[in-house]
Amino acid sequence: MSENPEHLRRYFRVMDRVGLRVHLVTDEVSADSGSGAKPLLSPEQRLVKVNGAINKHLSALKKKDESLATLLGLLNHKMDLLVSGFEKNVSDDGQEKSHAFHVCEVNLSACGIAFPSTKELQKAQTLSLHLKLFPSQEVVNPVAMVVGCERRDAFSADLSEDEKAELKERPYWVRANFEDISAVEQELLAQHVIQKQANELAGRRKVNSANFSK
């Protein structure tokens with residue numbers, strides 16, 4: 001039996017420039033000293049836990065009332081956008097500055113991502129990701145599991161000076177699958193990837209047409 005096209009499109013991949021924040025989610029429960037005290041979770045870990053519970057309940061609700069589940073998923077995504085827009089850091093001089101995303105080239109699909117990293121990550125480590133898509137400025141917040149990590153030296157031939165600087169700063173290429181992502185955000189990613197592919201195809205056709213007419 002052939003795969004559902006709506007399902008297959010989640011696996012379409014594209015090279016894209018996105019804003020990226022990465023947080024390593026450590027398993028503090030397993031690292032507990034055995035004192036019996038409940039371990040304290042970081043804000044990022046609490047967010048991952050809450051979003052996981054929300055997505056689990058939305059998946060169950062979708063089987064009973066797809067429209068209501070979609071609406072609640074959209075409201076949750078709206079809250080994520082609001083939080084992303086208002087998050088602030090305070091610099092050393094006391095001035096507020098925007099919570100920064102690192103803009104970089106990634107390989108992206110609705111089911112996973114590969115991205116440059118400053119440090120080597122291990123297989124099966126859990127990551128909390130924050131992705132800002134351009135030009136829409138949409139933000140998605142999947143939880144991902146590392147499936148591979150390699151040094152990028154093998155890919156360093158014929159690079160520009162900017163690319164060499166990026167390679168020096170972020171020498172590792174991390175591959176990760178999305179383990180926990182809302183249906184709303186997964187659909188948003190699928191549409192973004194398809195639109196990016198369509199734009200690239202249209203651009204290539206335009207160039208080929210211009211070359212043919214010469």
Side-chain angles (χ1 to χ4, degrees), residues 3-31 41-42 44-49 51-52 55-56 59 80 84 100-134 138-197 200:
E3 292 277 5
N4 185 336
E6 289 297 309
H7 177 72
L8 288 175
R9 71 194 184 106
R10 297 180 182 178
Y11 296 93
F12 294 168
R13 307 191 72 88
V14 67
M15 293 301 297
D16 194 16
R17 199 160 183 82
V18 304
L20 178 65
R21 292 208 311 266
V22 180
H23 298 273
L24 178 62
V25 181
T26 56
D27 187 0
E28 292 192 6
V29 175
S30 63
L41 300 180
S42 69
E44 191 69 30
Q45 290 168 324
R46 292 199 299 271
L47 179 63
V48 167
K49 190 174 182 180
N51 279 339
N55 291 338
K56 181 179 179 180
S59 295
D80 286 341
S84 175
F101 285 85
H102 172 68
V103 178
C104 58
E105 195 84 7
V106 304
N107 187 269
L108 183 65
S109 78
C111 291
I113 188 173
F115 61 90
S117 174
T118 57
K119 59 184 179 181
E120 184 176 10
L121 298 178
Q122 303 301 316
K123 283 185 178 180
Q125 284 186 313
T126 301
L127 309 175
S128 174
L129 304 179
H130 304 271
L131 301 170
K132 178 175 281 189
L133 307 177
F134 303 117
E138 289 277 8
V139 176
V140 296
N141 305 289
V143 174
M145 180 176 289
V146 176
V147 296
C149 181
E150 301 88 22
R151 286 193 65 88
R152 295 200 291 164
D153 307 80
F155 314 120
S156 60
D158 302 322
L159 297 180
S160 68
E161 291 303 315
D162 288 343
E163 289 171 330
K164 289 178 181 178
E166 167 78 8
L167 182 62
K168 184 176 180 180
E169 180 184 0
R170 297 173 182 272
Y172 295 99
W173 188 247
V174 177
R175 293 176 286 110
N177 291 336
F178 297 151
E179 294 293 310
D180 192 359
I181 182 172
S182 71
V184 169
E185 292 189 345
Q186 189 166 59
E187 176 62 21
L188 192 155
L189 279 174
Q191 292 181 7
H192 175 81
V193 169
I194 290 171
Q195 185 61 55
K196 177 77 174 178
Q197 290 179 326
E200 290 179 350

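Note that these values count all heavy atoms, side chains included, but never hydrogens, waters or copies made by symmetry. One is the number of the first residue; the rest follow in order along the sequence.
Taking CD from Glu138 and NZ from Lys132, the interatomic distance works out to 11.0 Å, rounded to the nearest 0.5 Å. Distance check: Gln186 CD to Gln191 CD gives 11.5 Å after rounding to the nearest 0.5 Å. Between the CG atom in Leu131 and the CG atom in Leu20 there is a gap of 5.5 Å [rounded to 0.5 Å]. Atom CZ of Phe134 sits about 9.0 Å away from atom CG of Asp16, to the nearest 0.5 Å. Within the model, atoms OG of Ser117 and CH2 of Trp173 stand 11.0 Å from one another, a figure rounded to the nearest 0.5 Å. To the nearest 0.5 angstrom, Glu185 atom CD is 10.0 Å from Asp180 atom CG.
Residue pairs that meet the salt bridge (charged side-chain N to carboxylate O under 4.0 Å, His left out) test with at least one member in residues 102-124, sequence neighbours left out, are Arg17-Glu105.
Met15 has its side chain out of reach of Lys196: every pair of non-hydrogen atoms, C-beta onward, lies at least 4.5 Å apart. Put simply, the side chain of His192 reaches to within 4.5 Å of the side chain of Leu108, judged on heavy atoms. Contact check for Val140 versus Leu188: side-chain heavy atoms found under the 4.5 Å cut-off.
Judged purely by atom type and a 3.5 angstrom limit, Arg152 uses its side chain to pair as donor or acceptor with the backbone of Arg170. Formation of a donor-acceptor pair under 3.5 Å by the Glu187 side chain with backbone atoms of Ala110 is not found in this model.
The two residues Leu24 and Thr126 have their closest heavy-atom pair at CD1-O, 3.5 Å. Closest non-hydrogen pair, Gln125 versus Gln122, comes out as OE1-N, 2.8 Å. The two residues Ser128 and His130 come nearest to each other via the heavy atoms OG-NE2, 3.8 Å. Considering all non-hydrogen atoms of both residues, Ser109 and Arg13 come closest at OG-NH1, 3.3 Å. Residues Phe12 and Ile194 approach most closely at CD1-CG1, 4.0 Å, considering heavy atoms. The two residues Ala144 and Leu129 have their closest heavy-atom pair at CB-CD1, 3.8 Å.
Cation-pi geometry between Arg151 and Tyr172 is met: under 6.0 angstrom from the ring centre, within 45 degrees of the axis.
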